[in-house]
Student: 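For reference, the structure I am asking about is given below.
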Amino acid sequence: MYKRENDFATVLDTDSDRDAPTTKAGSGPNGARKIGSTIVLPVGSQVASVPPPVRRPRTERRYRSVVIGFDLFVLVIAHVVVTVGYHSFDQIDSWRTPVLIGASMTAAIVSLGIQKAWDERILGTGTEEYRRVVRGYVFAVAALAVAGYGWGTSAGQSWTFGSLLIALVLTLLGRTLLRRHLSKARTEGRCLHSVLVAGDVEEVHELVSRADCLRRAGWRVDGICLAVDRGADSLPVAIDDIPVLGTDEIVLAVAEQHNFEAVALLPSGRWPHARTRRLSWDLEKIGAELLIAPVLMDVVGPRLHISPLEGLPLLQMSAPSYSGPAWIVKNVFDRVLAVLILMVIAPALLAVAVAIKVGSRGPILFRQQRVGRGGTPFTMYKFRSMVVGADEHKDDIADHDIGAGVLFKVREDPRVTKVGRFIRRYSLDELPQLFNVVKGDMSLVGPRPPLECEVARYGEDGAARRLFVKPGLTGLWQVSGRSNLSWDESVRADLRYVENWTFMLDLSILRRTIRAVLSGDGAY
């Protein structure tokens with residue numbers, strides 16, 4: 001056992017290879033003792049000598065200013081391009097030109113403002129930012145079109161349907177580039193906000209396990225206040241290297257002393273309405289925000305609504321819908337795009353087929369029964385990447401299974417051919433699944449298509465809900481780590497997709513899939 005220091009506390013590390021004898025109660029400083037693999041201290045003891053950290057600068061306003069400046073810049077550029085490139089010089093000199101350009105730009109700015117496209121809370125993360133930008137420009141175009149029709153003039157059509165649409169495309173591209181820059185800064189530990197978490201040990205573990213997601217959203221957990229029973233005489237020094245700074249009884253004092261920028265309350269019966277409201281008031285005085293996590297952490301987006309009831313905000317969760325116009329659009333989009341992709345990559349498919357045929361004996365395609373929507377079986381197509389009769393040798397390498405729940409995974413599978421190793425790395429073996437998409441068995445984006453033996457082993461973890469939608473050629477599991485994910489992480493990613501599907505989510509996953517495939521990370 002050895003000591004390891006971080007920004008807040010000196011933590012006793014039990015992951016050392018050295019033999020660490022059990023510390024008896026009272027035998028160490030403050031009567032520290034060890035239970036299993038958790039180091040605990042008496043509740044009333046000084047947990048750690050904590051120097052107050054320097055408050056991180058609030059980057060939201062700076063980032064918001066950059067976004068607003070860029071949006072206005074591309075709006076001007078779009079109008080200049082249309083004005084110079086479409087209109088003649090005598091039209092440009094007309095007095096109406098500045099008026100029409102001003103009306104077009106004003107309509108776009110006002111519409112974006114009404115849609116709250118510059119709200120600090122949605123900038124830099126999630127798909128809501130893009131939705132608001134699109135809605136803002138669509139409403140601006142609609143308003144100008146209606147106004148032009150009402151006045152019986154078509155003088156401003158070039159700016160309405162030209163400049164604004166160009167500005168929309170440039171705005172989306174610009175925000176994507178700005179978001180990448182922000183994401184890189186957050187990965188490097190910058191532009192993050194310090195969060196103090198208060199809750200039960202199990203809930204804290206659940207949140208801390210999503211550290212990467214929190215970091216992408218701009219938050220970093222730097223301290224913990226645990227909810228413990230009054231009769232408890234000890235609490236952990238740290239949870240996953242994050243120091244425990246006290247109990248939830250002193251959460252306000254800890255937040256104020258160490259200049260935390262936000263306090264996250266996790267589901268607990270120790271925070272009734274009156275106490276939570278008082279904490280929100282107190283946090284306002286010290287300039288900290290209050291984050292309240294719902295019981296269902298994997299449900300977000302359009303399914304959640306705030307329903308006020310006599311001043312009491314209720315989080316209403318509507319049932320997911322897997323039919324209707326939106327799903328019809330998804331099915332049509334999937335098939336049309338799949339046909340277009342097949343037409344474009346036909347030479348690449350032929351090249352892979354020839355390489356497989358020359359590289360090893362056996363068929364080019366591998367057919368396998370998978371389970372689709374509603375438990376309906378279908379035949380899935382893939383390029384063959386293993387030797388013929390690979391299933392017969394599965395028991396021979398069972399000892400090398402990395403233990404991914406009901407999945408069978410081997411990192412260096414000897415059954416994979418040389419060509420198969422290459423096409424697996426870049427997911428080329430999955431391209432024939434586009435034919436399954438055209439047939440309607442699969443979707444471009446969805447949960448991972450399971451085997452029949454996997455479905456038979458589904459438990460009470462909700463994995464069966466993945467069968468509510470069509471399986472996908474790609475999905476959140478593909479862009480979140482692929483084969484590096486454990487079974488629980490894979491199920492969680494698929495359920496998050498099933499519970500929160502939107503068309504914008506599909507587009508986001510398709511965009512992220514390109515980067516995941518080119519990197520080859522997690523493919524084996």
Student: Looking at Ala227 and Asp248, what are the two nearest heavy atoms and their distance?
Tutor: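 It is CB-OD2, 3.4 Å.
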Student: With the threshold set at 4.0 Å, does a side-chain nitrogen-carboxylate oxygen contact exist between Glu188 and Arg215?
Tutor: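 No.
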Student: Does any N or O in the side chain of Ser183 come within less than 3.5 Å of the main-chain N or O of Arg179, such that one atom is a donor and the other an acceptor?
Tutor: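 Side chain of Ser183 to backbone of Arg179: no pair is present.
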Student: Is a donor on one side and an acceptor on the other found under 3.5 Å between the side chain of Arg275 and the backbone of Arg270?
Tutor: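 At least one qualifying donor-acceptor pair exists.
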Student: Stepwise, does the side chain to side chain contact (heavy atoms under 4.5 Å, CB included) test hold for Leu283 with Glu289?
Tutor: CA-CA 6 Å; Leu283 290 177; Glu289 298 182 6; over 6 Å; no
Student: Walk me through whether Ile509 and Thr474 qualify under side chain to side chain contact (heavy atoms under 4.5 Å, CB included).
Tutor: CA-CA 8 Å; Ile509 292 174; Thr474 184; 4.2 Å; yes
Student: So do the side chains of Ile224 and Pro243 get within less than 4.5 Å of each other, counting heavy atoms only?
Tutor: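 No, their side chains stay 4.5 Å or more apart.
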Student: Any carboxylate oxygen within less than 4.0 angstrom of a Lys/Arg side-chain nitrogen, looking at Glu499 and Arg492?
Tutor: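 Looking at Glu499 and Arg492, the cut-off is not met.
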Student: Quick check: does any side chain N or O of Arg466 sit under 3.5 Å from a backbone N or O of Asp494, one acting as donor and the other as acceptor?
Tutor: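 Between the backbone of Asp494 and the side chain of Arg466 there is no qualifying donor-acceptor contact (under 3.5 Å).
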Student: So how far is it from Leu266 CG to Cys225 SG, rounded to the nearest 0.5 Å?
Tutor: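 Going from the CG atom of Leu266 to the SG atom of Cys225 covers 11.5 Å.
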Student: Closest heavy-atom contact between Ala167 and Thr171?
Tutor: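 Heavy atoms only, the tightest pair is O-OG1, 2.6 Å.
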Student: Is the shortest side-chain heavy-atom distance between His79 and Ile166 below 4.5 Å?
Tutor: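 Not touching, per the 4.5 Å side-chain cut-off.
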Student: Can you tell me if Arg64 uses its side chain to pair, donor with acceptor, with the backbone of Trp118 under 3.5 Å?
Tutor: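 Confirmed, Arg64 side chain pairs with Trp118 backbone.
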Student: Measuring from atom CZ of Phe333 to atom CG of Leu444, what distance do you get when rounded to the nearest 0.5 angstrom?
Tutor: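 Those atoms lie 6.5 Å apart.
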Student: Which heavy atom in Leu144 sits nearest to a heavy atom in Ser104, and how many Å separate them?
Tutor: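 Where Leu144 meets Ser104 most closely, the heavy atoms are CD1-CA, 3.8 Å.
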Student: Are any of the side-chain heavy atoms of Pro450 and Arg457 separated by less than 4.5 Å?
Tutor: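 A side-chain contact is absent here, since even the closest heavy-atom pair is not under 4.5 Å.
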Student: Determine, for Asp71 against Arg175, whether the closest basic-nitrogen to carboxylate-oxygen distance falls under 4.0 angstrom.
Tutor: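 A salt bridge is present here (some side-chain N lies under 4.0 Å from a carboxylate O).
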Student: Is the shortest side-chain heavy-atom distance between Thr502 and Leu505 below 4.5 Å?
Tutor: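 The answer is yes; the side chains approach within 4.5 Å.
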Student: Quick check: are there more than 12 heavy atoms from other residues, nucleotides or ligands sitting under 6.0 Å from CZ of Arg121?
Tutor: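 No, CZ of Arg121 has 12 or fewer neighbouring heavy atoms, counting only those of other groups under 6.0 Å.
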Student: Walk me through whether Lys116 and Glu128 qualify under salt bridge (charged side-chain N to carboxylate O under 4.0 Å, His left out).
Tutor: CA-CA 10 Å; Lys116 298 182 179 180; Glu128 180 62 22; over 6 Å; no
Student: Please report the interatomic distance CD(Glu256) to CD1(Ile250), rounded to the nearest 0.5 Å.
Tutor: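 It is 12.5 Å, given to the nearest 0.5 Å.
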Student: Taking Tyr497 for its side chain and Val445 for its backbone only, find out whether a donor-acceptor pair lies under 3.5 Å.
Tutor: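 Flag set: sc Tyr497 to bb Val445 pair under 3.5 Å.
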Student: To the nearest 0.5 Å, how far apart are CG in Asp222 and CG in Asn259?
Tutor: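 Going from the CG atom of Asp222 to the CG atom of Asn259 covers 12.0 Å.
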Student: Are the side chains of Val197 and Phe260 in contact, using a 4.5 Å heavy-atom criterion?
Tutor: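 They are not in side-chain contact.
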Student: Show your reasoning for whether side-chain hydrogen bond (donor to acceptor under 3.5 Å, both in side chains) applies to Gln115 and Arg135.
Tutor: CA-CA 7 Å; Gln115 294 297 323; Arg135 285 201 303 263; 3.0 Å; yes
Student: Side chains of Val263 and Val195: closer than 4.5 Å at any heavy-atom pair?
Tutor: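 No. Closest side-chain heavy atoms not under 4.5 Å.
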Student: When rounded to the nearest 0.5 angstrom, what distance separates CD1 in Ile101 from CG in Leu75?
Tutor: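 Going from the CD1 atom of Ile101 to the CG atom of Leu75 covers 10.5 Å.
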Student: I'd like to know if the side chain of Glu129 reaches the main chain of Gly124, judged simply by a donor and an acceptor atom lying under 3.5 Å from each other, with no hydrogens or angles considered.
Tutor: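 Confirmed, Glu129 side chain pairs with Gly124 backbone.
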Student: Search all heavy atoms of Ser163 against all heavy atoms of Ala78 and return the closest pair with its distance.
Tutor: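 Answer, listing the atom of Ser163 first, then Ala78: O-CB, 3.3 Å.
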Student: Does the side chain of Leu72 reach to within under 4.5 Å of the side chain of Val76, using non-hydrogen atoms?
Tutor: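 Leu72 vs Val76: side chains apart.
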Student: What pair of heavy atoms forms the shortest contact from Cys191 to Leu182, and how long is it?
Tutor: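 Nearest heavy atoms, Cys191 then Leu182: CB-CD1, 3.9 Å.
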Student: Starting from the C-alpha separation in whole Å, work towards a yes-or-no answer on salt bridge (charged side-chain N to carboxylate O under 4.0 Å, His left out) for Arg448 and Glu454.
Tutor: CA-CA 11 Å; Arg448 191 188 67 83; Glu454 295 174 11; 2.4 Å; yes
Student: Mind checking ring-ring contact (aromatic ring centres under 6.0 Å, His included) for Phe70 and listing every partner two or more places apart, or none if nothing turns up?
Tutor: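 Here no residue qualifies.
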Student: Is the backbone N or O of Leu177 less than 3.5 Å from a side-chain atom of His181, with the two atoms forming a donor-acceptor pair by type?
Tutor: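 Absent.
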Student: Indicate yes or no: at least one non-hydrogen side-chain atom of Leu196 is less than 4.5 angstrom from one of Val221.
Tutor: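 They are not in side-chain contact.
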Student: Between Ala140 and Ala108, which heavy-atom pair has the shortest distance, and what is it?
Tutor: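 Scanning both residues completely, I find the closest heavy atoms to be CB-CA, 3.9 Å.
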Student: Under a 3.5 Å distance rule, please check whether Glu261 uses its side chain to pair with a backbone N or O of Ser194 as donor and acceptor.
Tutor: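 Indeed, once roles are kept as given, a pair shorter than 3.5 Å links the two residues.
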Student: Indicate yes or no for a side-chain donor-acceptor contact from Thr276 to the backbone of Pro272 under 3.5 Å, with no hydrogens or angles considered.
Tutor: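 Checking the backbone N and O of Pro272 against the side chain of Thr276, a donor-acceptor pair under 3.5 Å is found.
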Student: Under the side chain to side chain contact (heavy atoms under 4.5 Å, CB included) rule, what do Asp334 and Met442 come out as? Steps first, then yes or no, please.
Tutor: CA-CA 9 Å; Asp334 285 341; Met442 295 178 61; over 6 Å; no
Student: Show, in sequence, the C-alpha distance, side-chain angles and deciding distance for Met504 and Tyr130, and conclude whether the side chain to side chain contact (heavy atoms under 4.5 Å, CB included) test is met.
Tutor: CA-CA 9 Å; Met504 291 298 295; Tyr130 297 113; 3.9 Å; yes
Student: To the nearest 0.5 Å, what is the distance between CD1 on Ile122 and CZ on Arg131?
Tutor: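 So the CD1 of Ile122 and the CZ of Arg131 are separated by 10.0 Å.
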Student: So, are Lys330 and Asp506 salt-bridged, with charged N and O less than 4.0 Å apart?
Tutor: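 Yes, Lys330 and Asp506 are salt-bridged.
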